[in-house]
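What you see is a predicted model, and the numbers here were worked out from it, not measured in a lab. Just so you know, these numbers use all the heavy atoms, side chains as well, and skip hydrogens, waters and symmetry mates. Proteins get letters first, then strands, A, B, ... in listed order; numbering begins at 1 in each.
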There are 2 protein chains.
Amino acid sequence: MAKRRPVANLLALAVLTVAVERPMHPYEMASVLRARGKDDDMPIKWGSLYTVVRNLEKHGLLEAVGTDRQGARPERTLYRVTDAGRREAADWTRELLSTPGREPSPFESGLSVMGGLGPDEVRDLLRRRLELLERQVEADRRALERERAELPRLFLLESEYALAMREAQAAWVRELLKELDAGEFPGLDAWRAYHRTCDLPADLADLAERGRPAQ
Amino acid sequence: MAKRRPVANLLALAVLTVAVERPMHPYEMASVLRARGKDDDMPIKWGSLYTVVRNLEKHGLLEAVGTDRQGARPERTLYRVTDAGRREAADWTRELLSTPGREPSPFESGLSVMGGLGPDEVRDLLRRRLELLERQVEADRRALERERAELPRLFLLESEYALAMREAQAAWVRELLKELDAGEFPGLDAWRAYHRTCDLPADLADLAERGRPAQ
DNA sequence: GGACTTATACTCGCGTACGAGTATTCGTAG
DNA sequence: CTACGAATACTCGTACGCGAGTATAAGTCC
């Protein structure tokens with residue numbers, strides 16, 4: 001398998017896509033990206049900006065096209081995207097759109113170690129999550145409404161998607177909570193008992209060792 | 001703000017939760033986690049295992065309790081979870097369950113840079129994604145059915161959640177595709193034009209600079 | 001019994017992420 | 001006109017992630 005993305009950080013993709021519009025210096029890229037709210041759509045850490053730009057240059061995806069200087073401020077290097085950079089950005093975008101990745105969310109991870117807490121506490125935690133989730137959904141919905149007025153649909157899709165996913169998550173949690181509240185959840189007593197004694201019966205331990213289905 | 005998780009890698013949480021059951025050596029932890037399929041629920045890279053265990057020890061969340069040796073194999077250090085480790089694991093789990101994080105998925109990132117490709121190509125890419133997604137949903141559903149027979153519900157929640165999220169994603173993509181196919185998507189021509197000329201009209205550029213609502 | 005594969009049990013080192021820090025300049029309120 | 005906070009424009013160091021490599025031991029097929 002060939003080398004995967006020469007610069008793996010998604011911030012690099014964001015940088016490439018703004019650099020396509022016109023040559024920029026790093027700080028300007030950051031301002032533009034910030035202004036467009038791209039840090040809501042991507043896991044961006046601004047501390048990585050200069051490292052990422054340097055790496056993009058090293059791999060020939062960006063190239064320096066001189067410096068400019070405003071007043072007495074430090075001089076800034078302007079970067080332009082190369083052909084390779086354009087190709088990389090397009091290819092990367094294609095991959096992101098076409099390939100559903102297997103990247104478990106933190107919540108999923110949380111669910112998978114939930115057994116370490118008792119059922120009553122879990123219920124409280126999930127209640128809290130649902131509450132926050134519902135608040136966020138409301139806020140997102142309002143924000144989207146506001147933006148719909150002034151932006152073409154094309155630029156709203158990622159927000160629409162994020163909202164849809166949050167709603168789906170809220171619905172799932174709500175459903176689970178309903179079961180927990182109604183005491184319908186099967187194995188509640190075993191769970192409670194396990195948590196009190198803090199060691200799981202041997203048969204369960206064996207069962208939990210579910211063999212992965214050969215695939 | 002105090003230091004966040006002393007060992008941030010989620011693999012650390014997985015390690016702590018198995019070490020709670022009984023003292024283990026690192027390789028055994030890996031086997032148990034693998035056997036339980038935890039690497040489907042968490043973003044685990046096995047290459048990080050020894051680093052993570054060492055860091056957990058350094059921060060007093062695990063402690064070495066001697067070594068054992070089987071036959072002529074290299075000696076292995078046994079680690080036991082400390083009280084601090086137990087607390088950290090519980091606290092971390094609580095946080096994961098109760099706090100809906102803002103971590104954009106790669107697909108969301110993809111959507112947010114989608115404008116760089118033309119609408120026709122995007123349609124093809126999304127079709128491909130939907131197809132793969134539907135296949136995965138089918139596979140997940142079957143796997144879940146199989147596991148339901150032999151495992152208590154408690155251990156299936158994370159799979160149920162993953163399935164629900166995938167179904168929601170598939171539904172969203174399907175809906176979007178329907179719009180694209182029907183030509184209902186507003187601004188399609190502008191999009192196509194922009195992609196052909198490869199530079200976006202100035203008014204759009206301004207608009208795209210959506211100010212973040214203060215909050 | 002020798003040659004092959006598979007499982008066991010790690011080690012190493014490169015590259016990178018990114019928080020925290022720094023130095024300068026601009027706006028502005030008194 | 002000067003003091004102060006905010007914005008500008010970066011730099012640096014450390015710790016961390018993780019792929020790739022390694023070496024031995026145990027099955028296993030002929």
Checklist line | Considering all heavy atoms, the nearest B:Pro43-B:Leu10 contact | finding: CD-CD1, 4.0 Å

Next item on the list: May I have the distance from A:Met42 (atom CE) to C:dA17 (atom P), rounded to whole angstrom?
Entry: 14 Å

Note to self: Under the rule for side chain to side chain contact (heavy atoms under 4.5 Å, CB included), what residues qualify as partners of B:Asp124, not counting sequence neighbours?
What the structure shows: B:Arg127

Notebook entry, point to check: Atom CG of B:Asn9 and atom C1' of C:dT16: how far apart are they, to the nearest Å?
Noted result: 15 Å

Checklist line | Set of side chain to side chain contact (heavy atoms under 4.5 Å, CB included) partners for A:Ala12, sequence neighbours left out | finding: A:Val7, A:Val52, A:Leu56, A:Trp92

Check: Rounded to the Å, how far apart are B:Arg5 CZ and D:dC16 C1'?
Finding: 18 Å

Margin query: I want to verify a distance call: between C:dA9, D:dC18, C:dC18, whose nearest atom is closest to the B:His25 side chain?
Written below: C:dA9

Notebook entry, point to check: What pairs meet the ring pair (Phe, Tyr, Trp, His ring centres under 6.0 Å) rule with one or both residues in residues 20-40 of chain B, with sequence neighbours excluded?
Noted result: none

Margin query: Applying side chain to side chain contact (heavy atoms under 4.5 Å, CB included), can you list everything that pairs with A:Glu103, at least two apart in sequence or on another chain?
Written below: B:Pro106

Next item on the list: Give the rounded distance in Å between these two atoms: CH2 of B:Trp46 and C1' of D:dA20.
Entry: 18 Å

Checklist line | side-chain N/O B:Tyr27 vs C:dT8 OP1/OP2, d < 4.0 Å | finding: yes

Check: Do any pairs count as a ring pair (Phe, Tyr, Trp, His ring centres under 6.0 Å) and have a residue in residues 126-146 of chain B, sequence neighbours left out, and if so which ones?
Finding: none

Notebook entry, point to check: Between atom CZ in B:Arg34 and atom P in C:dC10, what is the gap in whole Å?
Noted result: 13 Å

Next item on the list: Give the rounded distance in Å between these two atoms: NZ of B:Lys45 and C1' of D:dG17.
Entry: 9 Å

Notebook entry, point to check: In residues 48-57 of chain B, what residues come within less than 4.0 Å of DNA chain D, judged by heavy atoms?
Noted result: B:Ser48, B:Thr51, B:Asn55

Next item on the list: Could you state the atom-to-atom distance from CG of B:Leu10 to C1' of D:dC18 in whole Å?
Entry: 15 Å

Next item on the list: Please report, rounded to the nearest Å, how far the P atom of D:dC18 is from the CG atom of B:Leu11.
Entry: 9 Å

